[in-house]
Amino acid sequence: QVNVITKSGANAVHGSVFEYLRNDKFDAPNYFDTLAGLPKSTLKQHQFGGSLGGPIMKNRAFFFSSYEGYRLDAGVNFVEAVPSPAAWARAVPAIANLRPGFTSSAAVILPGASASPDFDIAQLQGLQEVRENAFSARLDFKMSDNWSMYGRLFHDRGTNVQPEGVSGRSVRITDNP
């Protein structure tokens, strides 16, 4: 069971705004980025919005609405074992044809990081991108001291592009309930 409580409007107009911002300029570099000679991973987070409520008809009808936006660009580091050139040299042709899908051309092989001749250690910096917008609205109507009604509306839409490992693949998810 889910209970949702929403604010109602009032006879006076009221509102608020908010903002939260985070930026990678204030962060130290990631140890693994530095080790591989890669630039610092991206991090930009921005959350913002506001609300507004007030009268439509004094003492009878009221409105309340809100909006929230969320933006995230986050660097994601992947450090994974991948087959080495020696392992690929022994692969049967059906498997060898899959080689381009194992490691992105942007991945960096970390020299000397693997103790096995059949594996290399690869690192890739990916970027996760999240975008979300949420709206809500409520209308209240008071017919008499004993009878009132309200209606409310919610809408939330978000997308997430999530990288998946040193292959360079990513998954895009869209939620629009």
Side-chain angles (χ1 to χ4, degrees), residues 2-7 13-53 64-88 91 98-138 152-177:
V2 176
N3 289 328
V4 177
I5 299 172
T6 54
K7 282 185 164 183
V13 175
H14 290 92
S16 64
V17 295
F18 66 91
E19 182 171 24
Y20 173 80
L21 182 62
R22 183 171 175 195
N23 196 309
D24 57 28
K25 292 177 184 172
F26 304 111
D27 294 344
N30 179 307
Y31 170 79
F32 294 104
D33 290 343
T34 305
L35 184 66
L38 296 171
K40 184 166 60 168
S41 296
T42 299
L43 177 59
K44 291 180 176 71
Q45 181 179 357
H46 192 196
Q47 191 170 2
F48 53 93
S51 63
L52 183 66
F64 183 82
S65 62
S66 68
Y67 167 76
E68 179 179 348
Y70 181 75
R71 310 291 183 264
L72 175 67
D73 293 332
V76 181
N77 271 301
F78 297 99
V79 179
E80 298 175 358
V82 296
S84 69
W88 284 114
L98 302 174
R99 185 175 187 175
F102 270 80
T103 309
S104 167
S105 60
V108 175
I109 301 298
L110 304 176
S114 176
S116 170
D118 289 331
F119 291 102
D120 285 332
I121 303 300
Q123 179 176 357
L124 178 68
Q125 287 180 327
L127 183 65
Q128 177 187 21
E129 297 176 13
V130 178
R131 305 289 181 264
E132 185 173 3
N133 294 295
F135 303 91
S136 72
R138 176 174 166 151
R152 60 183 170 206
L153 170 72
F154 296 101
H155 182 70
D156 185 357
R157 179 167 190 205
T159 60
N160 180 10
V161 178
Q162 178 72 38
E164 291 194 329
V166 297
S167 67
R169 292 184 304 262
S170 63
V171 173
R172 180 183 176 89
I173 300 168
T174 300
D175 281 331
N176 193 13

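For this chain, numbers begin at 1 and follow the sequence in order.
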Legend entry - Mutual orientation of the aromatic rings belonging to His155 and Phe135 [parallel < 30°, tilted 30-60°, perpendicular > 60°]: parallel
Legend entry - Pairwise side-chain contact, Asn77 with Gln123, heavy-atom cut-off 4.5 Å (strictly under): yes
Legend entry - Candidate pair Tyr20 and His46, rule side-chain contact (heavy atoms from CB on, under 4.5 Å), full reasoning: CA-CA 6 Å; Tyr20 173 80; His46 192 196; over 6 Å; no
Inset, instruction - Take Thr174 and Thr159 through the side-chain hydrogen bond (donor to acceptor under 3.5 Å, both in side chains) test and state the conclusion after the steps. - result: CA-CA 4 Å; Thr174 300; Thr159 60; 5.6 Å; no
Inset, instruction - For the residue pair Ser16 and Ser51, confirm or rule out a side-chain donor-acceptor distance under 3.5 Å. - result: yes
Legend entry - Validation row: Leu52, Val13 side chains within 4.5 angstrom (heavy atoms): yes
Legend entry - Polar side-chain atom of Ser84 near backbone of Pro117 as donor-acceptor pair, under 3.5 Å: yes
Legend entry - Listed once per pair and sorted, the side-chain hydrogen bond (donor to acceptor under 3.5 Å, both in side chains) pairs that draw on residues 101-118, sequence neighbours left out: Arg90-Asp118
Inset, instruction - Run the numbers on Glu19 and Gln47 for side-chain hydrogen bond (donor to acceptor under 3.5 Å, both in side chains), then give the verdict. - result: CA-CA 6 Å; Glu19 182 171 24; Gln47 191 170 2; over 6 Å; no
Inset, instruction - Give a yes or no on this: more than 12 heavy atoms of other residues, nucleotides or ligands lie within 6.0 Å of atom CZ of Phe18. - result: yes
Legend entry - salt bridge (Lys or Arg N to Asp or Glu O under 4.0 Å) partners for Arg22, two or more places apart: Asp27
Inset, instruction - Find the distance between OG (Ser170) and CD (Glu164) and round it off to the nearest 0.5 Å. - result: 8.0 Å
Inset, instruction - State, yes or no, whether a side-chain contact exists between Glu129 and Asn160 at a heavy-atom distance under 4.5 Å. - result: no
Inset, instruction - Please report the C-alpha distance between Ile173 and Val161 in whole Å, then the side-chain angles of each, then the deciding distance to 0.1 Å, and finally whether the side-chain contact (heavy atoms from CB on, under 4.5 Å) criterion is met. - result: CA-CA 6 Å; Ile173 300 168; Val161 178; over 6 Å; no
Legend entry - Gln125 and Pro39, any side-chain heavy atoms less than 4.5 Å apart: yes
Legend entry - Exercise: do Ser41 and Asp24 side chains pair donor with acceptor under 3.5 Å: no
Inset, instruction - Please round to the nearest 0.5 Å and tell me the distance separating atom CD of Glu68 and atom OH of Tyr70. - result: 9.5 Å
Inset, instruction - Before giving the answer on side-chain contact (heavy atoms from CB on, under 4.5 Å), spell out for Val79 and Ile121 the whole-Å C-alpha distance, their side-chain angles and the decisive distance to 0.1 Å. - result: CA-CA 7 Å; Val79 179; Ile121 303 300; 3.6 Å; yes
Legend entry - Test item: Arg131 side-chain N/O and Gly69 main-chain N/O as donor-acceptor pair under 3.5 Å: no
Inset, instruction - Rounded to the nearest 0.5 Å, what's the gap from CZ on Phe154 to CZ on Arg138? Could you check? - result: 9.0 Å
Inset, instruction - Report yes if some heavy atom in the side chain of Phe64 is under 4.5 Å from a heavy atom in the side chain of His14; otherwise report no. - result: no
Legend entry - Any donor-acceptor N or O pair under 3.5 Å, side chains Asp73, Gln128: no
Legend entry - Heavy-atom side-chain proximity of Arg71 to Phe48 below 4.5 angstrom: yes
Legend entry - Closest non-hydrogen atom pair between Phe119 and Ala81, with its separation: CD2-CB, 4.2 Å
Legend entry - Close side-chain approach of Glu132 to Asp156, heavy-atom, < 4.5 Å: yes
Inset, instruction - Assess whether side-chain contact (heavy atoms from CB on, under 4.5 Å) is satisfied between Val108 and Leu38, documenting all intermediate values. - result: CA-CA 9 Å; Val108 175; Leu38 296 171; 3.6 Å; yes
Inset, instruction - Would you check if Phe102 and Ser167 make a side-chain contact, meaning some heavy-atom pair closer than 4.5 Å? - result: no
Inset, instruction - State, to 0.1 Å, how close Leu43 and Ala74 come at their nearest heavy-atom pair, and which atoms those are. - result: CD1-CB, 4.1 Å
Inset, instruction - Identify, with sequence neighbours excluded, every residue that meets side chain to side chain contact (heavy atoms under 4.5 Å, CB included) alongside Ile109. - result: Val82, Asp120, Ala122
Legend entry - Leu98 versus Trp88, closest heavy-atom pair with distance: C-CH2, 4.3 Å
